[in-house]
Amino acid sequence: MEKISIQYFKTPVGELILGSYDNRLCMADWRYRKMRKSIDDRLKKGLDAEYVEESSQVIEETKRELDEYFSLERKVFDIPLLMVGTEFQKSVWQGLIETPHGTSLSYLQLAKKIGNEKAVRAVASANGANAIAIIIPCHRIIGSDGSLTGYAGGLTVKKKLLELENGLFS
């Protein structure tokens, strides 16, 4: 069986599990999120692999880039990604990647951006299934009324990430 290399990584806003497979990042997910088991099961099944706690070049590079992000030295990530999900989920996650640092969209705006305006609920579900937090910036999606809506890392973390990207975080 193949392996997904994983490491735990503490950020200023919470602990992530970083995972790499085949020289690409497949996970940067909140360690204590509600959907932890379903995310883990999807990755393991989709890659036919098991978790092994060890480092990798991709994990070390991810740590460096995340440190730069939290130090306000990085706005765009260069890590090679491996998105594990359906084609629809991957289209949503690509739409998230294309949402610029310091901006936010509503679920409806994201659905329109990927050319599927009627799929707002499915877009919200795919957003919640994102296993590569911060780098695939699902925290940039907010309610149509501008309110903060669900986030795997918690609404406090979501607020801090948005504040960080808008120069309000200290």
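Owing to the predicted nature of the structure, the values given are computational and were not obtained by experimental measurement. As a basis for the values below, the full set of heavy atoms in this structure was taken, side chains included, without hydrogen atoms, waters or symmetry mates.
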Can you label the angle between the Phe77 ring and the Tyr69 ring as parallel, tilted or perpendicular, going by 30° and 60°?
tilted
Ser56 versus Ser5, side-chain donor and acceptor atoms under 3.5 Å:
no
Between Lys63 and Ser55, do the side chains contain a donor N or O and an acceptor N or O under 3.5 Å apart?
no
Mind checking salt bridge (charged side-chain N to carboxylate O under 4.0 Å, His left out) for [X] and listing every partner two or more places apart, or none if nothing turns up?
X	value
Lys37	Asp41
Lys159	Glu163
Lys112	none

Do the side chains of Leu18 and Val52 join up, straight or via other hydrophobic residues, at under 4.5 Å, putting them in one cluster?
no
Shortest non-hydrogen contact from [X] toward [Y]:
X	Y	value
Thr103	Pro100	OG1-O, 2.5 Å
Leu110	Gly95	CD1-C, 3.9 Å
Lys3	Glu54	NZ-OE2, 2.8 Å
Trp30	Ala133	NE1-CB, 3.4 Å
Ile141	Lys158	O-NZ, 2.5 Å
Leu161	Val13	CD2-CG2, 4.2 Å

Are side-chain heavy atoms of Asp48 and Glu2 found at a separation under 4.5 Å?
no
Between [atom1] on residue [X] and [atom2] on residue [Y], distance to nearest 0.5 Å:
X	Y	atom1	atom2	value
Lys113	Leu105	NZ	CG	5.5 Å
Asn127	His139	CG	NE2	10.5 Å
Phe70	Ile134	CZ	CD1	4.0 Å
Leu66	Leu16	CG	CG	6.5 Å
Ser20	Leu81	OG	CG	12.0 Å
Ile136	Leu25	CD1	CG	8.5 Å

Could you walk me through whether Thr62 and Ile135 pass the side-chain contact (heavy atoms from CB on, under 4.5 Å) test, one step at a time?
CA-CA 9 Å; Thr62 301; Ile135 296 165; 3.8 Å; yes
Donor-acceptor check, side chain of Ser71 to backbone of Asp67, threshold 3.5 angstrom: yes or no?
yes
With a 3.5 Å distance limit and no angle check, can you tell me whether Arg42 reaches the backbone of Gly85 through a side-chain donor-acceptor pair?
no
With sequence neighbours left out, write down each residue that passes side-chain contact (heavy atoms from CB on, under 4.5 Å) with [X], or none if nothing qualifies.
X	answer
Phe88	Thr86, Ser91, Val92, Ile114, Asn116, Ala119, Ala122, Val123, Ala126
Glu87	Lys90
Glu68	Arg64, Glu65, Glu73, Arg74
Ser106	Leu108, Gln109, Ser144

Does Lys75 come within less than 4.0 Å of Glu165, counting only side-chain N to carboxylate O?
no
Are Arg36 and Asp40 close enough for a salt bridge, meaning some N to O gap below 4.0 Å?
yes
Side chain to side chain donor-acceptor pair (under 3.5 Å) with [X]: which residues, sequence neighbours excluded?
X	answer
Gln94	Glu98
Asn130	none
Thr149	Tyr107
Ser147	Asp145

Could you go through the side-chain contact (heavy atoms from CB on, under 4.5 Å) check for Glu15 and Tyr32 one step at a time?
CA-CA 8 Å; Glu15 191 171 8; Tyr32 300 107; 3.8 Å; yes
Could you identify which residues cluster with Tyr21, counting Ile, Leu, Val, Met, Phe, Trp and Tyr as linked when any side-chain heavy atoms lie under 4.5 Å apart, either directly or through a chain of such contacts?
Ile4, Ile6, Tyr8, Ile17, Met27, Met35, Ile39, Leu43, Leu47, Tyr51, Leu82, Val84
